[in-house]
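Quick note: numbers below take in every heavy atom, side chains included, and nothing from hydrogens, waters or symmetry partners. First listed ligand is number 1; within each ligand, the first listed atom is number 1.
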Amino acid sequence: MNRADPELYASREAIKQAVGRVAAEISQQCSDGVVLVSVLKGSLPFLADLVRAVDIEVEVDFLALSRFAADSGRVRLVKDLDCDVGGREVVLVEDIVDTGLSLGYLMGELRRRSAASVGVAALLNRSARRILPLEPDYVGFEAPDEFFLGYGLDWDGRYRNLDRLVIGDPGLLADDPDAYVRILY
Ligand code: IMP
Ligand code: MG
């Protein structure tokens with residue numbers, strides 16, 4: 001597949017609706033309060049909108065993962081949490097759950113730290129390439145097997161600041177990471 005132009009997947013309005021629904025679900029499940037743990041950097045716009053849409057007490061914290069090698073499923077923590085999640089209700093906030101390998105690692109880490117519960121909110125849930133049998137508890141969009149950009153999702157650091165989600169062609173971006181810059185901005 002070769003797409004010259006990226007295709008709109010979710011408008012700002014569609015994202016706003018999805019985030020509102022996820023926020024309502026989390027508020028209902030975690031009525032005594034929650035620690036929202038954002039997985040940097042892709043989940044930042046999702047977190048920022050989510051945190052203002054829930055109507056429960058919220059603490060926010062951040063962590064970051066890195067892959068050992070570009071195509072490796074193995075990940076390690078490169079930025080740790082500041083807060084102690086022991087005994088707390090935690091919801092991990094992810095941009096997209098793909099193979100589930102990152103999520104598997106993070107769930108293990110949070111359980112090891114004795115969180116009372118660990119839920120997962122994913123803006124996008126792309127099941128097609130799932131390796132670990134993990135499903136997010138709160139899902140913005142059940143995503144097709146495509147590559148997404150915008151609203152936090154990047155290619156080589158680019159396109160994160162788009163206010164909408166678009167589908168791009170990874171083949172094209174591999175040749176020229178800036179291929180969509182003139183079209184999208
Ligand atoms: P996995 O579930 O461990 O395979 O990895 C998911 C991570 O890979 C996400 O948190 C993203 O950072 C990145 N990723 C996966 N799919 C996409 C995509 O379509 N666009 C941008 N980043 C992606
Ligand atoms: Mg991520």
Asker: Between Asp32 and Arg88, does any side-chain N to carboxylate O distance fall below 4.0 Å?
Answerer: no

Asker: Considering Arg67, Glu94, Lys41, which one's heavy-atom position lies nearest to atom 5 (O) of ligand 1?
Answerer: Arg67

Asker: Could you name the option among Thr99, Leu153, Leu165, Leu173 that has the heavy atom nearest to atom 22 (N) of ligand 1?
Answerer: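 Minimum heavy-atom distance to atom 22 (N) of ligand 1 goes to Leu153.
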
Asker: Quick check on contacts: which atoms of ligand 1 are under 4.0 angstrom from a heavy atom of Ser102?
Answerer: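 Counting atoms of ligand 1 from 1, those under 4.0 Å from Ser102 are 1 (P), 3 (O), 5 (O).
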
Asker: Can you check side chain to side chain donor-acceptor pair (under 3.5 Å) on Tyr180 and Asp5, steps first, answer last?
Answerer: CA-CA 7 Å; Tyr180 296 148; Asp5 289 341; over 6 Å; no

Asker: For ligand 1, is there an atom lying under 4.0 Å from some heavy atom of Arg129?
Answerer: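 Flag not set, Arg129 not near ligand 1.
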
Asker: What class does the angle between the rings of Tyr9 and Phe148 fall in, given that below 30° is parallel, 30 to 60° is tilted and above 60° is perpendicular?
Answerer: perpendicular

Asker: Can you find a pair of side-chain heavy atoms, one from Val37 and one from Val93, that are under 4.5 Å apart?
Answerer: no

Asker: In the structure I gave you, are the side-chain heavy atoms of Val60 and Leu47 within less than 4.5 Å of one another anywhere?
Answerer: yes

Asker: Relative to ligand 1, is Asp95 under 4.0 angstrom through side chain, backbone, both or neither, heavy atoms considered?
Answerer: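 Just the side chain.
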
Asker: Assess the side chains of Glu94 and Ser43: does a donor N or O sit below 3.5 Å from an acceptor N or O?
Answerer: no

Asker: Can you list the ligand 1 atoms lying under 4.0 Å from a non-hydrogen atom of Asp154?
Answerer: 21 (C)

Asker: What are the atoms of ligand 1, with element, lying closer than 4.0 Å to any heavy atom of Phe147?
Answerer: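 So the atoms of ligand 1 that pass are 17 (C), 18 (C), 19 (O), 20 (N), 21 (C).
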
Asker: Can you find a side-chain donor-acceptor pair between Asn161 and Tyr151 that sits under 3.5 Å?
Answerer: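 Checked: Asn161/Tyr151 side chains show no N/O donor-acceptor pair below 3.5 Å.
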
Asker: Please say whether Gly100 places an N or O atom under 3.5 Å from an N or O atom belonging to ligand 1.
Answerer: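 Yes.
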
Asker: Just which atoms of ligand 1 are under 4.0 Å from any heavy atom in Ile96?
Answerer: 6 (C), 9 (C), 10 (O), 11 (C), 14 (N), 15 (C), 16 (N), 17 (C), 23 (C)

Asker: Is Leu103 near ligand 1, meaning one of its heavy atoms is under 4.0 Å from it?
Answerer: no

Asker: Kindly confirm or rule out a cation-pi arrangement of Arg76 over Phe68, judged by NZ or CZ under 6.0 Å from the six-membered ring centre and within 45° of its axis?
Answerer: yes

Asker: Is any N or O atom of Val97, backbone or side chain, closer than 3.5 Å to an N or O atom of ligand 1?
Answerer: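 So ligand 1 has no N or O lying under 3.5 Å from an N or O of Val97.
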
Asker: Assess Gly42 for proximity to ligand 1: is some non-hydrogen atom of it under 4.0 Å away?
Answerer: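 No, that is not the case, since the closest heavy atom of the residue is not under 4.0 Å from the ligand.
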
